[in-house]
Amino acid sequence: QVQLVESGGGLVQAGGSLRLSCAASGGIFSTYAVGWFRQAPGKEREFVAVISWSGGYTASDSVKDRFSISRDNAKNTVSLQMNSLKPEDTAVYYCAARRVGTWGMREADYDYWGQGTQVTVSS
């Protein structure tokens, strides 16, 4: 019922920037927390950032000085701005929605998932 679609991934050189977007449909988006996760080759999926229903946000220690998350409830979108990208940021990035609306940092905290978008950062 709730659909999430990520976009904005691609190939970028180290030090560059990308902006990922997550477009949602089929739910009461303004009440959801929306998070970003990533899965690098050979790695488990890990938490990146989350924004609550009220706009509060947090991010993992590995990215919080470089990435930022924002939402536009009128457009049912959440964005992840990624700056100063490093090769270790290479991963498939997924957005996920959490109906309870508050922060969650585990995969199990989320109810809906997008298909992912590939981010590749070259050395």
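Please read these numbers as outputs of a predicted model, since none were measured by experiment. Residues take their numbers from the sequence shown, with the count starting at 1.
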Asker: With a 4.5 Å cut-off on side-chain heavy-atom distances among I, L, V, M, F, W and Y, is there a chain of contacts connecting Met105 to Trp113?
Answerer: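 They do share one cluster, since a chain of ILVMFWY contacts under 4.5 Å joins Met105 to Trp113.
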Asker: Of all the heavy-atom pairs spanning Tyr94 and Arg45, show the shortest one and how long it is.
Answerer: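 Minimum heavy-atom separation between Tyr94 and Arg45: CZ-NH2, 3.4 Å.
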Asker: Between Thr90 and Val121, which heavy-atom pair has the shortest distance, and what is it?
Answerer: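 Scanning both residues completely, I find the closest heavy atoms to be OG1-N, 2.9 Å.
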Asker: Look up atom CG in Asn76 and atom OH in Tyr32, then write down how far apart they are to the nearest 0.5 Å.
Answerer: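 Taking CG in Asn76 and OH in Tyr32, the distance rounds to 9.5 Å.
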Asker: So does Ile28 have more than 12 non-hydrogen atoms from other groups sitting under 6.0 Å from CD1?
Answerer: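 Atom CD1 in Ile28 is not packed in, count stays at 12 or less.
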Asker: Decide side-chain contact (heavy atoms from CB on, under 4.5 Å) for Ser52 and Thr102; before the verdict, give the C-alpha distance in whole Å, the side-chain angles of both, and the deciding distance to 0.1 Å.
Answerer: CA-CA 5 Å; Ser52 75; Thr102 55; 5.6 Å; no
Asker: Starting from Trp36, can I reach Val50 by hopping between I/L/V/M/F/W/Y residues whose side chains sit under 4.5 Å apart?
Answerer: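 No, no single cluster joins them.
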Asker: CD of Glu46 to CD of Glu107: how many Å apart, nearest 0.5 Å?
Answerer: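 Rounded to the nearest 0.5 Å, the CD-CD separation comes out at 10.5 Å.
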Asker: State whether the side chain of Trp103 and the backbone N or O of Gly56 hold a donor-acceptor pair below 3.5 Å, judged by distance alone.
Answerer: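 Here the side-chain-to-backbone pair exists.
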Asker: Is the shortest heavy-atom distance from the side chain of Tyr57 to the side chain of Ser68 under 4.5 Å?
Answerer: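 They are not in side-chain contact.
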Asker: Verify the cluster assignment for Phe37 and Val34: are they in a single hydrophobic cluster under the rule of side-chain heavy atoms below 4.5 Å apart?
Answerer: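 Unlinked, Phe37 and Val34 end up in two clusters.
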Asker: Between atom CG of Asn83 and atom CZ of Arg19, what is the distance when rounded to the nearest 0.5 Å?
Answerer: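 Between Asn83 CG and Arg19 CZ, I get 9.5 Å after rounding to 0.5 Å.
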Asker: So, Arg66 side chain and Ser84 main chain: donor-acceptor pair closer than 3.5 Å or not?
Answerer: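 Yes, because the side chain of Arg66 sits within donor-acceptor range (under 3.5 Å) of the backbone of Ser84.
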Asker: Can you name the closest pair of heavy atoms from Ser30 and Arg71 and give their distance?
Answerer: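 The pair with the smallest heavy-atom distance is CA-NH2, 4.1 Å.
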Asker: The test is side-chain contact (heavy atoms from CB on, under 4.5 Å); show your working for Phe47 and Thr58 and say whether it passes.
Answerer: CA-CA 10 Å; Phe47 170 77; Thr58 192; 4.2 Å; yes
Asker: Tell me, with the steps shown, if Lys86 and Ser62 meet side-chain contact (heavy atoms from CB on, under 4.5 Å).
Answerer: CA-CA 11 Å; Lys86 305 174 181 179; Ser62 64; over 6 Å; no
Asker: Can you tell me if Phe29 has over 12 outside heavy atoms packed within less than 6.0 Å of its CZ?
Answerer: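 Enclosed.
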Asker: Between Glu6 and Gln115 (side chain of the first, backbone of the second, donor and acceptor by atom type, cut-off under 3.5 Å), is there such a pair?
Answerer: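 Here the side-chain-to-backbone pair exists.
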Asker: Is there a chain of hydrophobic side chains (I, L, V, M, F, W, Y, each step under 4.5 Å between heavy atoms) that links Ile69 to Met82?
Answerer: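 Yes: a chain of side-chain contacts under 4.5 Å links Ile69 to Met82.
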Asker: Using modelled atom types only, decide if a donor and an acceptor are shared between the side chain of Ser21 and the backbone of Ser79 within a distance under 3.5 Å.
Answerer: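 Flag not set: sc Ser21 to bb Ser79 has no pair under 3.5 Å.
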Asker: May I ask whether Val78 and Val63 are part of the same hydrophobic cluster, defined by side-chain heavy atoms of I, L, V, M, F, W, Y residues being less than 4.5 angstrom apart, directly or through others?
Answerer: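 Same hydrophobic cluster.
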Asker: To the nearest 0.5 Å, what is the distance between CG on Asp72 and OG1 on Thr77?
Answerer: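 Here the interatomic distance stands at 4.5 Å.
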Asker: Between Tyr93 and Gly9 (side chain of the first, backbone of the second, donor and acceptor by atom type, cut-off under 3.5 Å), is there such a pair?
Answerer: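 Answer holds: no.
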Asker: Check the pair Val119, Arg38 against side-chain contact (heavy atoms from CB on, under 4.5 Å), reporting the backbone distance first and the verdict last.
Answerer: CA-CA 9 Å; Val119 172; Arg38 66 186 182 185; over 6 Å; no
Asker: Among Val48, Thr117, Ile51, find the one that has a side-chain contact (heavy atoms from CB on, under 4.5 Å) with Leu80.
Answerer: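 Single pass found, and it is Val48.
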Asker: May I ask you to list the residues sharing a hydrophobic cluster with Val100, side-chain cutoff 4.5 Å, ordered by chain and number?
Answerer: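 Besides Val100, the cluster holds no residue at all.
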Asker: Show the nearest heavy-atom pair for residues Val92 and Gly116, with the distance to one decimal.
Answerer: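 Smallest heavy-atom distance, with atoms named: CG1-CA, 3.8 Å.
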